[in-house]
Amino acid sequence: MIICSLQSVTLTYGADTLFNDLSCEIKQGERIGLIGRNGEGKTSLLKLMAGHIPPGQGLVTWKKGLSIGFLEQMPDVEAHRDVRAVLLDAFQGLLNIKQQMAALERRLAQVPAPSTLDADLQKYGLLLERFQQKGGYEIEAKIERVATGLHIAPLLEKKWGQLSGGERTKVGLAKLLLKEPDFLLLDEPTNHLDVPAIEWLTDFLNRYHGTMIIVSHDRYFLDEVATKIFELEQGALQVYHGNYTRYVQEKEERILREFQQYQDQQKKIKKMKETIKRLKEWANRANPPNAGMHRRAKSMEKALARIEVLKKPIMDPKKIRLDFSMDGRSGKDVVVLEDVSKRFGDRELFSDVNMHVRFRERVAIVGANGSGKTTLLNIIMGAEAADGGRVALGSGLSIGYLSQHTAELDPERTVLEEFRDKVPMAEGDARMTLARFLFYGNAVFRKVKDLSGGERMRLRLAQLVHQRHNLLILDEPTNHLDIDSREAFEEALMEYPGTVIAVSHDRYFLDRLFDITYWIAHRRCTRYEGNYTVAREKRRHLTEK
């Protein structure tokens with residue numbers, strides 16, 4: 001059954017057309033991953049499906065009575081409300097029934113007139129049945145379950161105004177999941193979630209009975225949840241059946257097939273044009289000119305005009321071009337930590353951390369939010385002091401640091417100014433370099449404070465590439481990057497001859513690049529030989545014993 005359809009939809013913003021003549025159908029029970037580069041219009045497409053914005057042209061229709069839930073990146077809530085009350089809003093219908101039941105209970109307690117008693121009792125019985133069937137007595141249990149799964153249980157008694165942007169987004173996600181709408185529209189739901197919360201969300205969505213469309217750059221998550229992929233590219237929507245990995249295979253097959261069809265058609269057109277030219281030449285050489293050949297040439301020209309010329313498929317779309325290199329290598333031992341501990345006030349973050357990183361190793365640090373991963377990076381770099389233990393760095397180290405918040409950038413500088421401040425080079429050369437990171441033309445004169453998260457990360461990567469460090473310390477480096485940029489970044493790191501230490505919740509990134517994993521949990525840090533998936537299986541095996 002089709003629950004939502006878009007027919008010949010066009011959407012423009014000012015002079016920019018996001019998509020034109022776009023059509024698609026969403027069927028009941030589908031779990032669709034919506035992918036595409038930043039700026040292609042994925043969020044706008046979700047808003048159209050949610051009914052939040054109207055199309056410029058075309059038609060959006062929904063199944064009658066369909067309940068729609070749309071995850072907004074920044075929910076609008078009064079600052080004085082506490083988080084538990086915000087989550088209770090998800091059960092407004094049940095709370096209304098509860099209020100009606102309470103009002104009837106008060107009337108019945110006052111010894112109602114015999115003429116209304118039977119009617120009141122009957123009404124109360126119906127309300128009670130609806131309340132029970134819809135899970136009215138499970139409201140608190142559901143809130144606790146979702147809050148625990150998304151790791152927001154400590155926030156339940158906090159006021160909305162006390163929450164960070166990431167915390168607000170997580171609470172908004174929790175509220176939406178508690179509503180259980182028929183049609184779930186999620187825009188980057190794994191943002192701000194750590195790996196355990198992402199795994200809980202994956203399990204929740206795979207058990208969900210409704211239909212969902214998920215915008216995400218998390219390839220591992222899409223592999224586990226999506227059964228169909230919509231790709232938005234240059235205003236057109238391509239549909240692929242299967243998860244993300246299947247999409248990659250199917251897209252490659254489609255592009256190769258379309259390119260072959262394009263080449264075959266071009267050969268046919270070229271051959272027809274040559275035949276038309278020869279026929280005209282032969283007709284004109286004849287004395288008198290051959291009218292029959294002219295007619296054949298004219299007929300072939302009409303046939304040529306009727307051919308619908310295929311567009312040449314994009315074989316190599318524009319993506320950032322990275323080439324990490326280094327000036328001089330470090331010593332064999334890059335980082336050595338012995339029995340390192342750290343606490344903040346009465347809270348012990350971690351203790352007895354031992355780490356040995358050697359030249360050219362790829363080391364991942366994983367763990368739940370708040371476990372101390374970023375603090376451990378700061379201790380390694382000397383930005384924070386350990387409370388106990390020994391920290392030793394190898395000889396000849398040149399450290400390049402990439403923070404998840406790109407706080408190293410000056411918000412008041414332009415892109416060009418900020419780049420040249422860290423990488424001295426002539427303006428013309430700098431602009432050519434920035435173009436490799438998709439900053440074209442006047443984009444280099446935009447101020448850093450006006451850039452999106454993805455654009456800021458691309459600027460930091462441009463600086464980092466040209467600083468030629470032999471140790472890269474990366475804190476959530478794939479945050480804000482679209483899939484194409486993530487893949488370009490990963491390919492560059494695979495060729496990088498230096499050492500990499502990274503904190504990340506991107507499991508695809510972790511599995512592809514890192515063969516040593518340090519896992520922080522319960523104030524301890526454990527080393528595993530292997531990538532994230534190997535480390536996770538080893539931990540599961542230990543807990544099952």
Side-chain angles (χ1 to χ4, degrees), residues 33-44 46 71-74 164-170 172-173 186-195 197-198 214-222 232 244 317-322 324 364 369 373-374 377 400-411 413 415 418-419 422 434 436-440 443-444 446-465 472-493 500 502-510 512-513:
L34 176 57
I35 65 173
R37 292 197 186 121
N38 292 335
E40 287 282 2
K42 301 184 297 296
T43 298
S44 297
L46 285 192
L71 175 63
E72 298 178 89
Q73 287 297 320
M74 194 55 64
S164 68
E167 289 171 337
R168 292 181 181 188
T169 301
K170 286 192 283 187
L173 174 60
L186 302 177
D187 193 358
E188 293 288 358
T190 61
N191 275 8
H192 312 292
L193 297 184
D194 56 22
V195 171
I198 294 172
I214 305 165
V215 170
S216 182
H217 299 306
D218 187 330
R219 295 155 290 175
Y220 203 111
F221 178 67
L222 290 172
L232 195 55
Y244 177 80
K318 291 179 180 177
K319 61 173 68 175
I320 60 173
R321 287 181 287 156
L322 298 164
F324 285 107
N369 285 343
K373 303 182 299 296
T374 297
L377 293 186
Y401 174 58
L402 185 66
S403 79
Q404 58 181 305
H405 304 297
T406 58
E408 308 92 337
L409 301 174
D410 184 339
R413 288 193 181 124
V415 170
E418 179 61 29
F419 177 74
K422 303 293 190 302
L434 287 168
R436 293 173 53 202
F437 292 84
L438 311 186
F439 292 105
Y440 300 109
V444 301
R446 292 173 62 196
K447 286 197 172 184
V448 169
K449 65 182 181 183
D450 297 324
L451 301 181
S452 68
E455 289 167 332
R456 292 186 189 201
M457 190 60 75
R458 282 194 270 116
L459 176 54
R460 275 298 293 135
L461 287 173
Q463 293 173 332
L464 209 57
V465 162
L472 297 179
I473 295 181
L474 313 173
D475 191 1
E476 296 289 358
T478 60
N479 274 9
H480 309 296
L481 293 180
D482 58 29
I483 290 176
D484 282 350
S485 296
R486 291 182 187 206
E487 291 180 345
F489 179 54
E490 290 164 358
E491 288 160 9
L493 283 181
V500 181
V503 165
S504 181
H505 297 307
D506 185 339
R507 295 165 293 171
Y508 204 100
F509 171 71
L510 292 170
R512 189 176 183 190
L513 277 112

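Please read these numbers as outputs of a predicted model, since none were measured by experiment. Note: hydrogens, waters and symmetry copies are ignored here, and every other heavy atom, side chains too, is used.
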- Query: Side chains of Y244 and I483: closer than 4.5 Å at any heavy-atom pair?
  - Reply: yes
- Message: Please report the interatomic distance CG(D194) to OG(S504), rounded to the nearest 0.5 Å.
- Response: 12.0 Å
- Item | E455 (side chain) donor-acceptor with S452 (main chain) under 3.5 angstrom | yes
- Task: For L481 and N38, run side chain to side chain contact (heavy atoms under 4.5 Å, CB included): C-alpha distance rounded to whole Å, both residues' side-chain angles, the deciding distance at 0.1 Å, then the answer.
- Result: CA-CA 8 Å; L481 293 180; N38 292 335; over 6 Å; no
- Task: Enter the distance from K42:NZ to I214:CD1 here, rounded to the nearest 0.5 Å.
- Result: 14.0 Å
- Would Y401 and L474 count as a side chain to side chain contact (heavy atoms under 4.5 Å, CB included) if you check the C-alpha gap in whole Å, the side-chain angles of each, and the deciding distance to 0.1 Å? CA-CA 6 Å; Y401 174 58; L474 313 173; over 6 Å; no
- Message: Could you check whether N479 and H505, counting side-chain N and O atoms only, form a donor-acceptor pair closer than 3.5 Å?
- Response: no
- Query: Is the closest side-chain heavy-atom distance between L434 and Y440 below 4.5 Å?
  - Reply: no
- Should E491 and L322 count as side-chain neighbours, where that means a heavy-atom distance under 4.5 Å? no
- Task: For A364 and L510, work out which heavy atoms get closest and say how close.
- Result: CB-CD2, 3.6 Å
- Task: Taking the side chain as every heavy atom from C-beta outward, state whether R458 and F439 have any atom pair closer than 4.5 Å.
- Result: yes
- Query: At their closest point, which heavy atom of F509 faces which heavy atom of A502, and how far apart are they?
  - Reply: CE2-CB, 4.3 Å
- For a side-chain contact (heavy atoms from CB on, under 4.5 Å) with L186, tell me which candidate from V215, L173, L34, L46 qualifies. L173
- Item | Residue pair L377 / V503, side-chain heavy-atom distance below 4.5 Å | yes
- Donor-acceptor pair, side chain of T190 and main chain of L193, under 3.5 angstrom: no
- For the pair L402 and L472, evaluate side chain to side chain contact (heavy atoms under 4.5 Å, CB included) and give the outcome as yes or no after the intermediate values. CA-CA 8 Å; L402 185 66; L472 297 179; over 6 Å; no
- Query: Please walk me through it: do T169 and E188 pass side chain to side chain contact (heavy atoms under 4.5 Å, CB included)?
  - Reply: CA-CA 10 Å; T169 301; E188 293 288 358; over 6 Å; no
- Item | Polar contact flag, side-chain donor to acceptor under 3.5 angstrom, H192-N369 | no
- Angle class for the F489/F324 ring planes (parallel below 30°, perpendicular above 60°, tilted otherwise)? perpendicular
- May I ask you to decide whether D482 forms a salt bridge with R37, counting only side-chain N to carboxylate O separations under 4.0 Å? no
- H480 side chain reached by R456 side chain, heavy atoms, under 4.5 Å: no
- Query: Can you tell me if T374 and D475 form a side-chain donor-acceptor pair at under 3.5 Å?
  - Reply: yes
- Task: Let me see the working for E490 and R219 under salt bridge (Lys or Arg N to Asp or Glu O under 4.0 Å), right down to the final yes or no.
- Result: CA-CA 13 Å; E490 290 164 358; R219 295 155 290 175; 2.4 Å; yes
- Would you say the side-chain atoms of E408 pair up with the backbone N or O of R460, donor to acceptor, closer than 3.5 Å? no
- Do F437 and V465 have side chains that get closer than 4.5 Å, going by heavy atoms? yes
- Message: Measuring only between side-chain heavy atoms, which start at C-beta, is I35 closer than 4.5 Å to H217?
- Response: no
- Message: To the closest 0.5 Å, what do you measure between CG (L71) and OG1 (T43)?
- Response: 10.0 Å
- Item | Given K447, R413, R446, the one that forms salt bridge (Lys or Arg N to Asp or Glu O under 4.0 Å) with E418 | R413
